[in-house]
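Following: one structure in structure tokens, then a few remarks.
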Amino acid sequence: MSNDVRVRFAPSPTGYLHVGGARTAAYNWLYAKKTGGKFILRIEDTDAERSTDDAIKGILDGMEWLGLDWDEGPSFQSKNIENHVEAAKKLLESGDAYKCFCTKEELDAKREEATKNKGDMRYDGTCRRLSPEQVAEKEAQGISYTVRLKVPDDGGAVKFKDEVCGFIEKRHEDIEDFIIVRSNGQPLYVLSNAVDDINDRITHIIRGQDGLANTPKQILIYNALGAPLPVFAHISLTLDTKKAKISKRKHGESVAVHFYREHGFIPWAFVNFLVLLGWSTSESQQIFSRDELIEKFSLGGLNKANSVFDIRADDPKFFTDPKAISINSHYIKNMPVEELAPYVKIEFESTGIWDADYEGAKKEWFNSTIDLLRERYHYTTDFVTLGKAFFSDDFEFEEKAVNKNLLKNEILKTMLPELAEKFSAMEGFGEKEIEDIMRAMIEEQGVKAGVLINGVRTAVTGQAVGPGIFELLIALGKERVVERLKKAGALY
RNA sequence: GUCCCCAUCGUCUAGCCAGGUCCAGGACACAGGCCUUUCACGCCUGCGACAGGGGUUCGAAUCCCCUUGGGGACGCCA
């Protein structure tokens with residue numbers, strides 16, 4: 001592969017980074033990594049009305065969190081406006097563009113008319129037919145004008161090969177003379193975007209299929225400007241369960257990257273999930289390490305058909321696409337504990353139960369405890385919710401668990417404190433010894449094993465579920481176990 | 001309305017370009033089972049799709065056409 005591949009992600013900062021954008025960014029990033037090329041981040045902030053600094057920060061934060069690092073930028077499109085205007089001037093001089101004096105009102109009226117008659121809504125070319133004298137006259141009158149690209153009327157077509165959509169052909173007659181500069185002199189997206197891509201020497205444009213309709217127009221601009229064409233790859237769109245394009249407006253937080261960060265996702269797990277939405281290997285492999293994904297990624301694996309992001313926003317069990325959860329859960333269970341620990345640390349810090357010793361004297365204990373717990377967790381946040389009792393004395397007793405495992409068995413009211421005594425008298429706190437003591441007590445009192453075991457679990461963790469009891473007690477430590485068992489009587 | 005794109009299990013998809021090995025494979029979800037002190041994990045089994053119709057062919061999920069369905073673009077937004 002050639003080393004001068006240059007790809008870009010060019011979001012407009014009108015809101016947080018959403019899953020669709022992140023997915024597009026990920027494909028670009030992957031392609032750059034794969035080819036040893038450069039990944040450029042360009043913020044298309046020319047819509048001053050809608051662009052905000054918060055959104056810029058949100059996008060940058062989201063990209064960083066996902067680990068999608070860029071090689072150049074972020075550059076801001078608003079800084080390049082001169083270049084765009086310059087390009088338009090060139091186009092005007094070469095005769096590839098012309099001035100249009102039609103007012104917005106006239107245009108709106110014509111469009112409305114066309115809508116009413118169910119006709120063509122495209123520009124009718126009125127000003128294209130103006131003679132130089134007429135143009136001069138209108139200019140002399142001080143009438144403001146937009147600049148339109150003069151689409152060839154030679155009966156030809158724009159033809160190009162898209163890496164995912166295949167060969168595409170659009171007849172010139174089907175493209176209207178589109179506006180490239182507003183009447184106030186400000187360039188428009190089709191122009192700005194193309195000129196920036198030319199200036200940034202972008203070789204591969206990997207973007208959503210919603211950009212497909214713009215492509216023939218932009219190719220016309222490239223051609224008129226004499227710039228070499230990049231390779232295009234228009235990726236499928238991400239739809240919601242009703243098959244509509246996902247948007248911030250409609251779906252709110254559940255499509256925001258930061259939402260997943262807040263809900264305890266491992267960033268790479270989320271990238272892994274996102275990439276699979278419209279891309280696959282011929283083996284349908286599901287889990288990829290970073291290096292493996294980079295190695296196996298190719299534009300050819302991109303699916304043409306749109307894919308559905310199965311947001312289950314209203315489903316109490318899932319809250320988002322079950323597959324995303326499943327992949328996250330897989331990473332939590334299988335990634336090296338040392339790599340998981342930093343993510344758990346973040347949760348601890350924000351909950352205020354982080355202990356610096358977890359990275360020092362208690363590091364071994366901390367790592368082995370999260371290793372013990374992670375088997376049944378899906379999110380990093382689970383460590384501070386479901387797992388809180390292992391790290392803090394300030395934990396909740398679940399009512400259901402207390403009812404089922406403690407209150408139903410009156411005998412535990414005395415057995416538990418008794419067990420505390422026995423544990424307390426132990427020299428160490430080994431698994432074998434703990435089991436022997438508990439088994440003996442079960443025998444002695446003639447209760448079912450599960451009664452004591454589940455009762456102890458609830459008494460020391462407040463929950464009805466969790467790791468195997470012996471491992472659990474060791475993880476908790478003798479001191480905490482004895483203390484909590486002693487207090488168990490008070491729960492009745 | 002005009003132009004463009006797409007179409008395999010509920011969801012993500014493999015297979016399609018180079019037709020037979022596909023009564024269609026994997027993953028998630030779901031159901032059942034095993035394991036088990038709980039809940040998970042893990043393992044096993046099951047449920048479940050080539051949108052419809054025409055062609056071409058000895059043979060079509062794969063090629064062609066039509067229909068239907070879905071999506072996108074059509075803005076002096078990006």
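Excluded from the calculations below are hydrogen atoms, water molecules and symmetry mates; all remaining heavy atoms, backbone and side chain alike, are included. Here the structure is a predicted model, which means the values were calculated and not measured. The chains referred to below are lettered A, B, ... by the order of the sequence lines, with proteins before strands, and numbering in each begins at 1.
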Original post:
Roughly how far apart, to the nearest Å, are B:rC65 and B:rC43 at atom P?
Top reply: 45 Å
Original post:
Tell me: CG of A:Leu277 to C1' of B:rC12, nearest whole Å?
Top reply: 7 Å
Original post:
For A:Asp53 and A:Lys57, what are the C-alpha separation, side-chain angles and deciding distance, and is it a salt bridge (charged side-chain N to carboxylate O under 4.0 Å, His left out)?
Top reply: CA-CA 6 Å; A:Asp53 289 347; A:Lys57 186 173 185 306; over 6 Å; no
Original post:
Across all strands shown, which nucleotide pairs with B:rC43 by Watson-Crick or G-U wobble geometry, both distances under 3.5 Å?
Top reply: B:rG33
**OP:** Enumerate the residues from residues 458-469 of chain A whose closest heavy atom to RNA chain B is under 4.0 Å, giving them by residue number; use none for an empty result.
**Re:** A:Ala464, A:Val465, A:Gly466, A:Pro467, A:Gly468, A:Ile469
Original post:
Any N or O donor-acceptor pair linking the side chain of A:Ser284 to the base of B:rG25 at under 3.5 Å?
Top reply: yes
**OP:** For B:rG19, give its Watson-Crick or G-U wobble partner with both distances under 3.5 Å, or none.
**Re:** none
Original post:
Quick one: do A:Asp108 and A:Lys104 make a salt bridge, cutoff under 4.0 Å?
Top reply: yes
Subject >> B/S/- contact track for nucleotides 73-78 of chain B, protein heavy atom under 4.0 Å >> reply: S-SBBB
Original post:
What is the ring orientation for A:His234 with A:Phe232, classed by angle as parallel under 30°, tilted 30 to 60°, or perpendicular over 60°?
Top reply: parallel
**OP:** Determine the Euclidean distance between corresponding C1' atoms of B:rC22 and B:rU13; express it in Å to zero decimal places.
**Re:** 16 Å
Original post:
Is the A:His251-A:Phe309 ring centre distance short of 6.0 angstrom?
Top reply: no
Original post:
Say you pick atom P in B:rC12 and the same atom in B:rU2; how far apart are they, in whole Å?
Top reply: 30 Å
Subject >> Closest to the A:Lys170 side chain, choosing from B:rC4, B:rA14, B:rU37 >> reply: B:rC4
Subject >> Earlier contact from the 5' end, RNA chain B, for A:Ser326 and A:Ser236 >> reply: A:Ser236
Original post:
Considering only B:rG71, B:rC28, B:rC30, which nucleotide approaches the side chain of A:Lys317 most closely?
Top reply: B:rC30
Original post:
How far, in whole Å, is B:rC16 from B:rG55 if one measures between their P atoms?
Top reply: 26 Å
Original post:
Between B:rC17 and B:rC64, how far is it from one C1' atom to the other, in whole Å?
Top reply: 15 Å
Original post:
Rounded to the nearest 0.5 Å, how far does CD1 of A:Ile437 lie from CD1 of A:Ile442?
Top reply: 12.0 Å
Original post:
So, is A:Ser307 near the phosphate of B:rU13, with a side-chain N or O under 4.0 Å from OP1 or OP2?
Top reply: yes
Original post:
Going by the angle between their ring planes, with limits at 30° and 60°, are A:Tyr260 and A:Phe270 parallel, tilted or perpendicular?
Top reply: parallel
Original post:
What is the base-pairing partner of B:rG1, counting Watson-Crick and G-U wobble geometry with both distances under 3.5 Å?
Top reply: B:rC74
Original post:
Is a side-chain donor-acceptor pair under 3.5 Å present for A:Asn28 with A:His204?
Top reply: no
Original post:
A:Asp162 CG to B:rC4 P: how many Å, rounded?
Top reply: 15 Å
Original post:
Which of these nucleotides, B:rA27, B:rU38, B:rC4, is closest to any side-chain atom of A:Leu212?
Top reply: B:rC4
Original post:
Got a salt bridge between A:Arg8 and A:Asp197, using NZ or NE/NH1/NH2 to carboxylate O under 4.0 Å?
Top reply: yes
**OP:** Assess the side chains of A:Ser236 and A:Asn303: does a donor N or O sit below 3.5 Å from an acceptor N or O?
**Re:** no
**OP:** Respond yes when some side-chain nitrogen or oxygen of A:Lys323 is under 4.0 Å from OP1 or OP2 of B:rU11, and no when none is.
**Re:** no
**OP:** Look through every strand shown and name the nucleotide pairing with B:rG59 as Watson-Crick or G-U wobble, where both distances are under 3.5 Å.
**Re:** none
Original post:
Side chains of A:Leu340 and A:Ile266: closer than 4.5 Å at any heavy-atom pair?
Top reply: yes
For nucleotides 41-48 of chain B, tabulate all protein N/O to nucleotide N/O atom pairs closer than 3.5 Å, reporting atom names and distance.
from, atom 1, to, atom 2, distance (Å)
B:rC41, O2', A:Glu375, OE2, 3.0

**OP:** Both distances under 3.5 Å, Watson-Crick or G-U wobble: report the partner of B:rU68, or none.
**Re:** B:rA7
**OP:** Name the orientation class of the two ring planes belonging to A:Phe297 and A:Tyr27 (parallel below 30°, tilted from 30 to 60°, perpendicular beyond 60°).
**Re:** parallel
**OP:** Check the side chains of A:Asn272 and A:Tyr331 for a donor-acceptor pair under 3.5 angstrom, ignoring hydrogens and angles.
**Re:** yes
Original post:
Side chains of A:Asp54 and A:Thr52: is there a donor and an acceptor less than 3.5 Å apart?
Top reply: no
Subject >> Rounded distance (Å) that lies between atom C1' of B:rU2 and atom CD of A:Glu112 >> reply: 18 Å
Original post:
From B:rU13, B:rC28, B:rG26, pick the nucleotide closest to the side chain of A:Gln286?
Top reply: B:rG26
Original post:
Which comes earlier along RNA chain B counting from the 5' end, the contact point of A:Arg457 or that of A:Gly278, where each point is its nearest nucleotide?
Top reply: A:Gly278
Original post:
What's the CG-C1' distance between A:Asp174 and B:rC3, to the nearest Å?
Top reply: 6 Å
Original post:
Looking across every strand, which nucleic acid part, if any, lies under 4.0 Å from A:Phe273 by heavy atom: base, sugar-phosphate, or nothing?
Top reply: nothing
Original post:
Please give, in whole Å, the distance from B:rU37 C1' to A:Leu452 CG?
Top reply: 10 Å
Subject >> Distance, C1' atom - from B:rC50 to B:rU38, rounded to whole angstrom >> reply: 44 Å
Original post:
Separation of A:Lys243 atom NZ from B:rG10 atom P, in whole Å?
Top reply: 10 Å
**OP:** Could you state the atom-to-atom distance from CH2 of A:Trp279 to C1' of B:rA14 in whole Å?
**Re:** 12 Å
Original post:
Given atom CD1 of A:Ile434 and atom P of B:rU37, what is their separation to the nearest angstrom?
Top reply: 17 Å
Original post:
Do the charged groups of A:Arg171 and A:Glu169 touch, with an N to O distance under 4.0 Å?
Top reply: no
Original post:
In terms of side-chain heavy atoms of A:Ala305, which of B:rG72, B:rA7, B:rA14 is nearest?
Top reply: B:rA7
